[in-house]
Amino acid sequence: MTQTQTQTQTQTQTQPRTQSQPRTVRTRTPRARHYLMCRPTHFDVTYAINPWMDPSKPVDAGLAVAQWEQLRALHQELGHTVELIEPLPDCPDMVYAANGATIVDGKVLGVRFRNAERAAEGPAYLEWFRANGYQEVHDPVHVNEGEGDFLVTRSRLLAGTGFRSTPESHAEAQEFFGRPVISLELVDPRFYHLDTALAVLDGDEIMYYPEAFSAGSRAVLERLFPDAVRVTEGDAAVFALNVVSDGYHVILPEAATGVAEQLRARGFRPIGLDLSELLKGGGSAKCCTLEIRPRPAGA
Ligand code: ARG
């Protein structure tokens with residue numbers, strides 16, 4: 001399957017109707033994607049820069065690689081292209097490729113990490129894009145942690161701040177991409193990156209955990225996305241929002257059973273994976289997957 005082809009799959013199951021469920025389950029169309037990933041060859045938890053990381057807890061390095069391989073294989077089975085960046089030995093968090101850049105319309109916004117422990121990853125990802133022929137590449141001035149804090153909807157960029165990326169980086173991204181940026185304030189340290197608290201499912205359809213956001217940001221989300229899937233704290237705490245969606249298949253942690261049910265009711269096909277080792281660094285499927293969005297055809 002090429003990147004521009006699509007496959008159509010229809011889900012025909014009937015659902016009991018409750019207030020939050022639409023009468024007919026929507027037909028979903030997956031679209032082939034282009035991803036960049038980084039094998040967790042050097043993955044470990046040797047420092048703590050988020051509340052999930054505990055350097056005294058052992059990490060099973062072999063299991064981390066096996067779980068990551070499962071994720072990569074699944075992307076490929078679903079028809080997506082996966083490219084790989086070489087892991088750096090001194091960068092145990094480099095497996096979280098979503099933090100490597102933000103790519104929209106073939107334009108690459110590089111990253112600048114808040115924490116010194118991850119600083120070397122920024123130039124490595126930028127170099128990968130330059131070496132692979134991307135011409136519109138911007139080396140950022142302000143701290144932004146890539147798709148950890150920038151999520152792309154049909155027409156906008158949703159941008160997280162509060163723990164990692166700065167509000168200044170939101171303005172920088174708006175200027176570079178020429179897309180309206182919606183700044184959202186994260187307030188719970190467990191949900192330190194936007195992609196731990198909110199996920200784009202398809203186009204302008206999102207799901208999120210409301211309590212992860214400030215009151216004002218919650219009001220913005222309600223105004224912009226009245227039909228969003230709202231996720232419980234229990235599901236959010238097992239990284240249920242750290243998902244990769246191709247418009248139909250939604251890869252998520254297997255423990256996120258409540259969200260899986262909510263997604264099925266909307267016509268998506270949730271696929272659960274066990275990524276326990278990668279969770280020890282504070283990440284899951286989405287953190288390990290950076291989407292490369294091509295320039296629109298004819299542009
Ligand atoms: N240990 C990494 C950090 O704290 C985890 C990053 C997870 N990535 C993500 N896209 N949320 O920076």
Side-chain angles (χ1 to χ4, degrees), residues 35-57 59 61 64 67-68 71 75 85 87-88 90-103 109-122 124-125 143-152 157-166 169 173 184 186 188-200 206-209 212-213 231 236-245 251-253 256 273 275-292:
Y35 297 133
L36 180 62
M37 297 180 73
C38 181
R39 184 180 273 105
T41 315
H42 310 291
F43 175 67
D44 201 353
V45 177
T46 56
Y47 50 80
I49 55 172
N50 69 55
W52 306 94
M53 300 174 85
D54 179 355
S56 69
K57 257 202 211 156
V59 169
Q67 292 176 339
W68 177 91
L71 174 63
H75 285 323
I85 180 171
L88 297 175
D90 296 326
C91 295
D93 271 339
M94 197 167 163
V95 61
Y96 302 114
N99 300 127
T102 305
I103 309 102
L109 174 61
V111 300
R112 187 169 291 264
F113 283 91
R114 170 159 312 250
N115 301 99
E117 290 89 341
R118 298 195 68 184
E121 296 177 45
Y125 276 96
V143 168
N144 92 69
E145 299 203 351
E147 280 225 24
D149 278 323
F150 287 128
L151 295 175
V152 184
L157 264 187
L158 304 182
T161 189
F163 296 102
R164 300 290 181 86
S165 304
T166 61
S169 78
L184 300 166
L186 295 161
D188 182 332
R190 293 174 300 164
F191 308 106
Y192 58 95
H193 272 147
L194 185 62
D195 72 356
T196 65
L198 187 151
V200 179
I206 67 162
M207 62 176 179
Y208 66 102
Y209 169 53
F213 296 91
V231 170
V238 294
F239 271 71
L241 288 151
N242 201 247
V243 309
V244 185
S245 174
I251 304 175
L252 78 175
L273 280 189
L275 297 167
S276 62
E277 295 312 294
L278 297 157
L279 216 54
K280 293 178 181 169
S284 192
K286 162 66 167 59
C287 296
C288 296
T289 310
L290 177 62
E291 184 167 351
I292 300 179

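Please read all numbers here as calculations on a predicted model, not as lab measurements. In each ligand, atom 1 is the first atom listed, and ligand 1 is the first ligand listed. Numbering starts at 1 and runs along the sequence shown.
- With a heavy-atom cut-off of 4.0 Å, F113 does not touch ligand 1 at all.
- Within the 4.0 Å heavy-atom shell around ligand 1 one finds Y192.
- Using modelled atom types, one finds no donor on one side chain facing an acceptor on the other under 3.5 Å when comparing N144 with S169.
- With hydrogens and angles ignored, the 3.5 Å screen pairs no side-chain donor or acceptor of E277 with any backbone N or O of Q67.
- Here's the thing with N50: one of its N/O atoms is less than 3.5 angstrom from an N/O atom of ligand 1.
- In terms of protein heavy-atom proximity, atom 8 (N) of ligand 1 is closest to N99 OD1, 2.9 Å.
- No side-chain donor-acceptor contact under 3.5 Å links Y125 and N99.
- Residue contacts with ligand 1: Y96 is placed with no nitrogen or oxygen under 3.5 Å of a nitrogen or oxygen of the ligand (distance criterion only).
- Proximity of R164 to ligand 1 is established by a heavy-atom distance of less than 4.0 Å.
- Here the CZ atom belonging to F213 is positioned 4.5 Å from the CG atom belonging to L198, to the nearest 0.5 angstrom.
- Side-chain N or O atoms of K286 include one that pairs as donor or acceptor with a backbone N or O of E147 at under 3.5 Å.
- Using a 4.5 Å heavy-atom threshold, the side chains of H42 and L88 count as separate.
- Counting heavy atoms closer than 4.0 Å to ligand 1, residue R118 contributes side-chain atoms (C-beta onward) but none from N, CA, C or O.
- In terms of protein heavy-atom proximity, atom 9 (C) of ligand 1 is closest to C287 SG, 2.7 Å.
- At the shortest separation from atom 2 (C) of ligand 1 among protein heavy atoms lies D93 OD2, 3.4 Å.
- Note on ring orientation: taking the six-membered ring where Trp is involved, the planes of H75 and Y35 are tilted (angle from 30° to 60°).
- Protein heavy atom nearest atom 1 (N) of ligand 1, with residue, atom name and distance: G281 O, 2.8 Å.
- Residue contacts with ligand 1, taken as heavy atom pairs separated by less than 4.0 Å, involve M53 solely via side-chain atoms from C-beta onward.
- Note that the CG atom of L157 and the OG1 atom of T102 stand 7.0 Å from one another [nearest 0.5 Å].
- Atoms of ligand 1 found under 4.0 Å from any heavy atom of G148 (numbered from 1 in listed order, with element): 10 (N).
- Using a 4.0 Å cut-off between charged nitrogen and carboxylate oxygen, R164 and D149 do not count as a salt-bridge pair.
- The single protein non-hydrogen atom nearest to atom 10 (N) of ligand 1 is D195 OD2, 2.7 Å, given as residue, atom name and distance.
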